[in-house]
Amino acid sequence: MNLVSRRRFRRDRISLLLVAFFFAWSMTHQAWAGYPVSVVHTERMRWQAHVRVLGEVRSLSRAILRTSVTGRVGRFPLPEGSYVKAGRLLGRVIPPDLAARIKAARSRLHLAHDMLGHDRALYGQRLLTRGTFQGAANRVAVDQDRLHALELALSQTRLVAPVSGTVHYLVVPGTEVTAGTAVIRLGGASRVWVRAFVTPSAAGLLHAGELARLQMDGQPKKRAEVISIGVSARNDGLVEIFLRPSDRGFLPGEWLWVDLPTTSGYGWRVPRPALVMRGSHARVFVLGGHRANPVPVTVLHVNRHYVWLRGALHPGEPVIVKGAGAVSDKTAVTVEAATSLSGR
């Protein structure tokens with residue numbers, strides 16, 4: 001090997017050594033600097049799970065007026081949508097021959113009284129037996145009972161408002177209806193309640209007296225108290241519950257969202273990005289000695305932004321949020337930001 005070749009080989013070897021040195025230095029510096037992460041300091045906080053269902057606003061003074069007799073619906077005295085007070089006459093359902101039957105019954109009763117008076121005079125003169133006189137008295141009593149029954153049927157043809165509210169007619173005047181047919185719906189808005197249906201498992205977690213949240217589209221949430229929980233699932237497999245709103249402003253027939261409180265408890269609350277799932281195992285990484293240390297946890301509750309966990313964590317312990325999914329056990333890390341969950 002000549003002198004030129006030796007110098008070139010020496011120069012190339014020096015260059016390779018310098019490259020190797022700088023590469024090793026950069027790797028060492030990067031390992032010392034660690035992977036950039038952000039952390040939060042843990043706090044133990046309460047969580048509350050909710051079940052969201054649809055509810056219907058109903059009126060406490062809502063009533064359906066049904067006819068007790070078969071007949072023709074008469075003319076309604078008030079227009080549709082009128083507000084009436086309790087006790088107001090709203091309509092009649094008259095059987096076609098009821099008036100004629102009442103007139104005939106009164107005539108028979110009047111004749112029976114005349115016959116009874118005639119028989120009483122004859123009985124006083126001992127021209128009539130006691131049995132014949134008693135039969136005339138019995139006919140008067142029977143005719144009186146028949147007239148009373150017909151007059152009672154006449155009173156049952158009247159449809160009277162049992163509560164104050166707004167009138168809604170379910171049939172038109174002149175309609176032939178049978179006994180039990182719904183004729184008028186009366187709905188008041190003075191006091192209302194909310195009816196909803198939940199699954200049996202959710203019903204088992206509810207308690208009377210708990211506060212739920214009501215929300216209609218575009219309006220702020222309002223509170224309602226759970227006042228009754230059904231004991232059967234006969235409504236298509238669901239349990240019926242009732243709630244009493246704490247505020248006014250609901251109209252019968254409206255539909256709204258009902259957030260019902262179910263289970264609750266306490267746990268370590270961290271942002272959702274801090275939770276790392278490796279297969280079926282949940283864990284978070286806590287910071288210790290500039291390294292990431294995994295801590296197995298159990299998820300208790302989740303919402304849009306946070307998770308509540310049970311595990312071997314401690315108050316104020318730094319948990320990795322940003323970069324949690326990129327680190328592993330004993331990974332060197334560098335903290336870019338640290339925050340607290342207080343007040344959030």
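Predicted model only: the values in this text are computed from it and were never measured. Quick note: residue numbers are just sequence positions, from 1. These numbers come from the heavy atoms of this one structure, side chains and all, not from hydrogens, waters or symmetry mates.
The hydrophobic clustering, which links ILVMFWY residues whose side-chain heavy atoms are closer than 4.5 Å, places I184 and V171 together. Using a 4.5 Å cut-off between side-chain heavy atoms of Ile, Leu, Val, Met, Phe, Trp and Tyr, with links allowed through other members, L54 and L214 fall into different hydrophobic clusters. By the criterion of side-chain heavy atoms lying less than 4.5 angstrom apart, applied directly or through intervening Ile, Leu, Val, Met, Phe, Trp or Tyr residues, F197 is not grouped with V51; the two fall into different hydrophobic clusters. V73 and V69 fall within the same hydrophobic cluster, defined by Ile, Leu, Val, Met, Phe, Trp and Tyr side-chain heavy atoms under 4.5 Å apart, directly or through other members. Cluster membership check: V295 shares its hydrophobic cluster with W268, using side-chain heavy-atom separations under 4.5 Å among Ile, Leu, Val, Met, Phe, Trp and Tyr.
Checked by atom type and distance alone, the side chain of T67 never pairs as donor or acceptor with a backbone atom of T181 at under 3.5 Å. Using a distance-only test at 3.5 Å, with no hydrogens or angles considered, a donor-acceptor pair links the side chain of T262 to the main chain of A49. Although no hydrogens or angles enter the test, the distance criterion places no donor-acceptor pair under 3.5 Å between the side chain of E317 and the main chain of H41. Looking only at distances, a side-chain donor or acceptor of R272 sits under 3.5 Å from a matching main-chain atom of N303.
Looking only at side-chain heavy atoms (C-beta outward), L109 and V140 come within less than 4.5 Å of each other. Two residues are said to be in side-chain contact when any heavy atoms from C-beta on lie closer than 4.5 Å; T199 and L238 meet this criterion. Using a 4.5 Å heavy-atom cutoff, the side chains of W193 and R58 are in contact. Using a 4.5 Å heavy-atom threshold, the side chains of V299 and L309 count as touching. You'll find the side chain of V167 stays beyond 4.5 Å of the side chain of R88, heavy atoms only. Looking only at side-chain heavy atoms (C-beta outward), V284 and I320 stay at 4.5 Å or farther from each other. The closest side-chain heavy-atom distance from V37 to K322 is not below 4.5 Å. Taking the side chain as every heavy atom from C-beta outward, F285 and R283 approach each other to under 4.5 Å.
Rounding to the nearest 0.5 angstrom, the gap separating the OG1 atom in T298 from the CZ atom in R310 is 4.5 Å. One distance of note links CG of L313 with CD of E43; it measures 12.5 Å at 0.5 Å rounding. The CD atom of E176 sits 4.0 Å away from the CZ atom of R72 when rounded to the nearest 0.5 Å. Annotation: the span from Q144 atom CD to R106 atom CZ amounts to 10.5 Å, rounded to 0.5 Å. How far CG of L111 is from CG of D143: 8.5 Å, rounded to the nearest 0.5 Å. Atoms CZ and CZ, on F242 and R195 in that order, are 6.5 Å from each other to the nearest 0.5 Å.
The cationic group of R44 does not satisfy the cation-pi geometry with Y266, failing either the under 6.0 Å distance to the six-membered ring centre or the 45° limit from the ring axis.
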Fill in: Derivation of the side chain to side chain contact (heavy atoms under 4.5 Å, CB included) call for V183 and L65
CA-CA 6 Å; V183 178; L65 277 66; 5.6 Å; no
Practice prompt. In sequence, state the C-alpha distance, the side-chain angles, and the governing distance for L159 and V93, and then conclude on side chain to side chain contact (heavy atoms under 4.5 Å, CB included).
Written response: CA-CA 8 Å; L159 300 173; V93 178; 4.3 Å; yes
Worksheet entry | Full working for side chain to side chain contact (heavy atoms under 4.5 Å, CB included) between L260 and L243 | CA-CA 10 Å; L260 297 165; L243 305 98; 3.8 Å; yes
Item to complete: Go through the steps to decide whether L78 and L90 satisfy the test side chain to side chain contact (heavy atoms under 4.5 Å, CB included), and finish with yes or no.
Response: CA-CA 7 Å; L78 298 172; L90 302 179; 4.2 Å; yes
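In terms of heavy-atom proximity, A196 sits nearest to V53 at CB-CG2, 3.9 Å. Of all heavy-atom pairs spanning K85 and A161, the tightest one is O-CB, 3.8 Å. For the residue pair G230 and V239, the shortest heavy atom distance occurs at O-CG1, 3.4 Å. Contact between A179 and T70 at its shortest, heavy atoms only, is N-OG1, 3.2 Å. Taking each heavy atom of N235 and E240 in turn, the nearest pair found is ND2-CB, 4.0 Å. Of all the heavy atoms in W257 and R52, the pair that sits closest is CE3-CG, 3.3 Å.
The aromatic rings of Y169 and F76 lie parallel to each other, with less than 30° between the two planes, well short of the 60° mark.
Within a 6.0 Å radius of CZ in R46, other residues, nucleotides and ligands contribute more than 12 heavy atoms. Atom NZ of K221 is surrounded by more than 12 heavy atoms from other residues, nucleotides or ligands within 6.0 Å.
The closest side-chain donor-acceptor pair between E80 and H168 falls under 3.5 angstrom. Residues R213 and Q215 have side chains that never bring a donor and an acceptor to within less than 3.5 angstrom of each other.
Among V327, V276, D329, V286, the single residue meeting the side-chain contact (heavy atoms from CB on, under 4.5 Å) criterion with P294 is D329.
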